[in-house]
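Data first, discussion second: the structure below is written as structure tokens.
Every heavy atom of this structure was used, including side-chain atoms; hydrogens, water molecules and symmetry mates were not. From a predicted model like this one, the values you see are computed outputs, not experimental measurements.
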Amino acid sequence: MVLAILAALACCWPAAANTNITLGIISNYCAIKNIVVTRSLVANFSTRFDADAISTQGNSGWSYYADLAVVAAVERINNDPTILPGVHVNLKRFTDCGEYYPSADLEYSGKSGGYASAVTATDITDEHKDVIGVVGNEFSMTAKGIAQILSNAQIPYCAASTAAPRYNNKDMYPYFWRATSYSFTESLLSLMLYWDVKRVAIIYQRDDEFGNSGWRRMKQMAADHQIDIVSSVGLASNSDDQAIRMMNETLHRSDARYIIVLGQAYFVTDLMKCRASLFLDGQKYVWLLNNGFTPDPNLDVADVRGIVLANHCTDLASIERGENLRSLMNQIAGANFSASFFYGVSAEIMYDCTVLMLAGFDKLQVAPDILSNRLAQDDMNFTLFQNLGFAGTVSVNNLVLNEQGDGESLDGVEFARTDNSRANIISFDKTIPIFSGSSVIPSDGSVRIFKFRYSLQTQEGTAIVCLSIIGILTSSAGALFLFKFQRASIVRASCLPEMLVICFGAACAYLSLLLVLDTPSSAACNARALLLLVGYSAILVPLASKNLMMRWIFGQESSRTLEAIRKAKTAFRMSAVTAAVVHVGVCVLALMEAKVVSLQVVDGSEAYVRCAVRGALVAPTCIWYISNALVWILLVVSATLSTKVKLVEYNETTQMVLVALFSAMNIVLIAAMESAPDKLTDFKICIILWISTTAMLGTMLGGRVADVMQSHVRIKHDNEASADDSYMRKSTKQTQLSFSRRKTIQFYSFRVLDKAGKLCVFKIQRYGIGWIFEKWMTGIISLHSLGDKRWICITTLQKAYCTVIRDPSNVSIASSCIEIKGALEILVEFEVTEVAEVFMGDIGRAFKEIENVVDSLCRPDIVVN
């Protein structure tokens, strides 16, 4: 009998030549009775099932049964001479939640991360240096600190149910890996994409790492695939009735049809039990879960109807491996645990973790003492275990880790399967009535949105392009006109450099219209605002500056020297450049601070993108408006001061008032449009900008163009008439030379028409759009005669306006106004009708006086040679 016992012990005890290495297990041992804890090291753990200490519905069963899977895996490796020959694997158990306390069995939910990081991690790295690898079955929120500490200490850690996506970050957790991934976020997303779901709501466990990081991951992926999250509700693990009511109101108000639940199993279970009372069940709703249920006798079949729960797909071979493992574990425990309990506590994953880790150690092919003394830890990050040719209990053929350190496996539901990447549905059974007895996919409640944008395919886009091109060509033509006729007195009076800058500003404003086309990006929005800003500054600042300069030159009684005028021009222009640079610079800084972005707006069934300021930033907005208002005020002040300039050609008060009016109306109209925007708001703003810019450009250029062209036409006509007269005189002279020589003398006379007043108020009348450029002037009116020709001239300080008339019938009276009709149509206005009648009498008498003088002249006799 004694010999038999010694023989049995010899079979189980390692040979003397074997080197011991130790594998650590981390779990919730605080839920198991009778254990003895030294700091975090657990002793007095029994693999035999004790119903008094272990509850299959609590954390004790979870930790106990997962522990059995590790024991079974270690026994397999210790009995396999091909893996780690000459090495015996020992186990050490560590609690991540302290000593045993009775409530931990049902109430512990992973909120012991501080203990796990401060005590458990320190014990493994510093006190128990024989531990060279760890497997665990921890809550995701508990493992945050300890997983990072173990990675820093280069101790590999394989987790079974620590499923939060945060652990995919291999920069932070290079030694952490999982034999599979229980984060079904990708799988649920691929199913929604397959169903073409565009609207979802998310309920997540906000005080749990698994729920919280799953929510962050789902938000990111939904944004990448243009899925609209209409409602996102974070609930605490033990939410009260008020929080549940608020969640219910939010879901109903957003009309959410597809609802994703992210959290621990107990969180999911509690939520599913209250669906019916919240009127969130039935054919209208589809619930998508990333976790299963906790065993609950109060959970009815109706509570799980209409729910889609992703899981790992298995084939016959993996099912057989799982059944073999369950039988072995039941044999170790001396009890019969069901298959649902076996898979529910991730026992098969713990087994795969253990075997894969030890197989990885074997792959290093180093001496056992190097392993046991932690001298090979540099090579033990997750890449060591990526592809070892091991067939896991839940995988097909080969268990391979992906680049995030998760085991690749097929995910699926009863009617669909994904590929290994979980990104695509590779099979879908459309015959299964999965939606409350129907195979028809329920509506997600969304209205299909049509994206509206301005392009050459739309009437609005074509109009914008045409108007922009017309405006740019007009401003360019204006600049070319000014440059060509720069010697004309009216152009010289306008200050050529400033006028060219004004044309440039108008071109910038026209160019900004093109940035509305297509779908504007944030860069396009900022460029559009910058072009408008430069255009606004380039029009208003030079206009104000040059008129202030004219006020300084002509607004004083004493004359200025040429040298003083040259210095003043330089000073005013440098000041204008400085003011424009400061204005644009300040506004650009405010623009950068305000962060202008492109914003998609949904209006009914249409969506369009508009430029908007992100957030409610008061300071940058105020700076923007104040700086632009100061430029506008500068223009108004300049217009007021310019009234003192007596020379009409240099007085631009009317133009400045109109430009100030146009710019103010522009801002008011755009603000009114922005208060109630729609898809055509940008088009309307473009029309307003084009009209106002064209009006300002026309105000500054139109009158000068009309004057120059009219003068040009008159000169051309006079030259042609002179050529005709010269030809006739030459012909007549040749004819008379053979008969006689005749000398003719033509007398010139004139008379000032001052009976109605020395100065008269007049304007040159224009028709069509030219009336905009009419301006009232003061001058002295006179009648002139040369031979049989008569003409009237009105002389101002700068120039004389003359027009040929035949007789007094070309002059008519209408109330207090006199109309003179000739090549130029002149309107002279008097204070009252009586004064106008005096002028009519004066001009009649002047005609008679001239005729009498001509008739009384003595002509010389004809002399015959």
| task | Calculate, to the nearest 0.5 Å, the distance between atoms OH and CD1 belonging to Tyr801 and Ile826 respectively. | result | 9.5 Å

| query | Can you find a heavy atom in the side chain of Met592 that is under 4.5 Å from one in the side chain of Asn526? | reply | no

| query | Does atom CZ of Phe847 have more than 12 heavy-atom neighbours, drawn from other residues, nucleotides or ligands, at distances under 6.0 Å? | reply | yes

| Ser638 side chain vs Leu634 backbone, donor-acceptor pair below 3.5 Å | no

| query | When rounded to the nearest 0.5 angstrom, what is the spacing between SG in Cys611 and CD in Glu674? | reply | 9.5 Å

| Heavy-atom pair with the smallest gap, counting every atom of Val586 and Ser627 | CG1-CB, 4.4 Å

| note | In terms of heavy-atom contacts, Cys495 and Met549 come closest through SG-CE, 3.9 Å

| task | Give every residue pair that meets the salt bridge (Lys or Arg N to Asp or Glu O under 4.0 Å) criterion with at least one member in residues 687-696, sequence neighbours excluded. | result | none

| query | Would you call Ser455 and Asp518 a side-chain contact if the rule is heavy atoms closer than 4.5 Å? | reply | no

| note | Taking every heavy atom of Ile813 against every heavy atom of Thr833, the minimum-distance pair comes out as CD1-O, 4.5 Å

| request: Tell me yes or no: between the side chains of Ser663 and Asn666, is some donor less than 3.5 Å from an acceptor? | output: no

| query | Could you state the interatomic distance from SG (Cys793) to CD1 (Ile781), rounded to the nearest 0.5 Å? | reply | 9.5 Å

| Would Phe483 and Phe485 count as a ring pair (Phe, Tyr, Trp, His ring centres under 6.0 Å) if you check the C-alpha gap in whole Å, the side-chain angles of each, and the deciding distance to 0.1 Å? | CA-CA 6 Å; Phe483 188 78; Phe485 294 98; over 10 Å; no

| field | CA sep, side-chain torsions, deciding dist, call: Leu533, Ser537, side-chain contact (heavy atoms from CB on, under 4.5 Å) | value | CA-CA 6 Å; Leu533 174 65; Ser537 187; 5.5 Å; no

| task | Measure the OG-CD1 distance between Ser692 and Ile685 for me, rounded to the nearest 0.5 Å. | result | 11.5 Å

| query | Does the Arg528 side chain pair with the main chain of Leu515, one donor and one acceptor, at a distance under 3.5 Å? | reply | no

| said: Under a 3.5 Å cutoff, is there a donor and acceptor pairing between the side chains of Ser785 and Arg790? | reply: yes

| message | What I'd like to find out is whether the side chain of Ile667 reaches to under 4.5 Å of the side chain of Trp632, using heavy atoms alone. | response | no

| Shortest non-hydrogen contact from Cys817 to Leu827? | CB-CD1, 3.8 Å

| message | Determine whether a donor-acceptor pair (N or O, by modelled atom type, separation under 3.5 Å) exists between the side chain of Ser545 and the backbone of Phe572. | response | yes

| Separation between CD1 of Ile469 and CG of Leu511, rounded to the nearest 0.5 Å | 10.5 Å

| said: If you compare all heavy atoms of Thr681 against all heavy atoms of Ala676, which two are closest, and at what distance to 0.1 Å? | reply: OG1-O, 4.3 Å

| field | Polar side-chain atom of Asp842 near backbone of Val838 as donor-acceptor pair, under 3.5 Å | value | no

| request: Please report the shortest heavy-atom distance between Val465 and Leu456, naming the atom on each side. | output: CG2-CD2, 3.7 Å

| task | Look at the rings of Phe839 and Phe830 and say which category their plane angle falls in: under 30° parallel, 30 to 60° tilted, over 60° perpendicular. | result | tilted

| Is there side-chain contact between Ile780 and Ile794, with at least one heavy-atom pair below 4.5 Å? | no

| field | Distance (rounded to the nearest 0.5 Å) between Ile792 CD1 and Leu824 CG | value | 11.5 Å

| said: Using side-chain heavy atoms (C-beta onward) and a distance below 4.5 Å, is Met499 in contact with Gln486? | reply: no

| said: Donor-acceptor pair, distance only, cut-off 3.5 Å: does the side chain of Ser575 make one with the backbone of Ala571? | reply: yes

| Tyr536 side-chain N/O to Asn628 backbone N/O, donor-acceptor pair under 3.5 Å | yes

| field | Pair Met700-Ile539, side-chain contact (heavy atoms from CB on, under 4.5 Å): steps then yes or no | value | CA-CA 10 Å; Met700 298 307 302; Ile539 292 174; 5.9 Å; no

| field | Ile687 vs Leu467, side-chain contact (heavy atoms from CB on, under 4.5 Å): CA-CA, chis, key distance, verdict | value | CA-CA 8 Å; Ile687 298 297; Leu467 290 175; 3.5 Å; yes

| message | Between Thr694 and Tyr510, do the side chains contain a donor N or O and an acceptor N or O under 3.5 Å apart? | response | yes

| query | Is the count of non-hydrogen atoms from other residues, nucleotides or ligands lying under 6.0 Å from Glu563 atom CD greater than 12? | reply | yes

| query | Quick check: does any side chain N or O of Thr693 sit under 3.5 Å from a backbone N or O of Trp690, one acting as donor and the other as acceptor? | reply | no

| query | Which salt bridge (Lys or Arg N to Asp or Glu O under 4.0 Å) pairs, counting each pair once, include a residue from residues 571-583, with sequence neighbours left out? | reply | Glu498-Arg573

| Heavy atoms, side chains only, cut-off 4.5 Å: are Ser782 and His784 in contact? | yes

| task | Please step through side-chain contact (heavy atoms from CB on, under 4.5 Å) for the pair Ile670 and Lys684, ending with a clear verdict. | result | CA-CA 9 Å; Ile670 290 176; Lys684 297 171 186 176; over 6 Å; no

| query | Is atom NZ of Lys569 surrounded by more than 12 heavy atoms (other residues, nucleotides or ligands) closer than 6.0 Å? | reply | no

| Pairwise side-chain contact, Lys789 with Val804, heavy-atom cut-off 4.5 Å (strictly under) | no

| Side-chain touch Leu669/Met673, heavy atoms, less than 4.5 angstrom | no

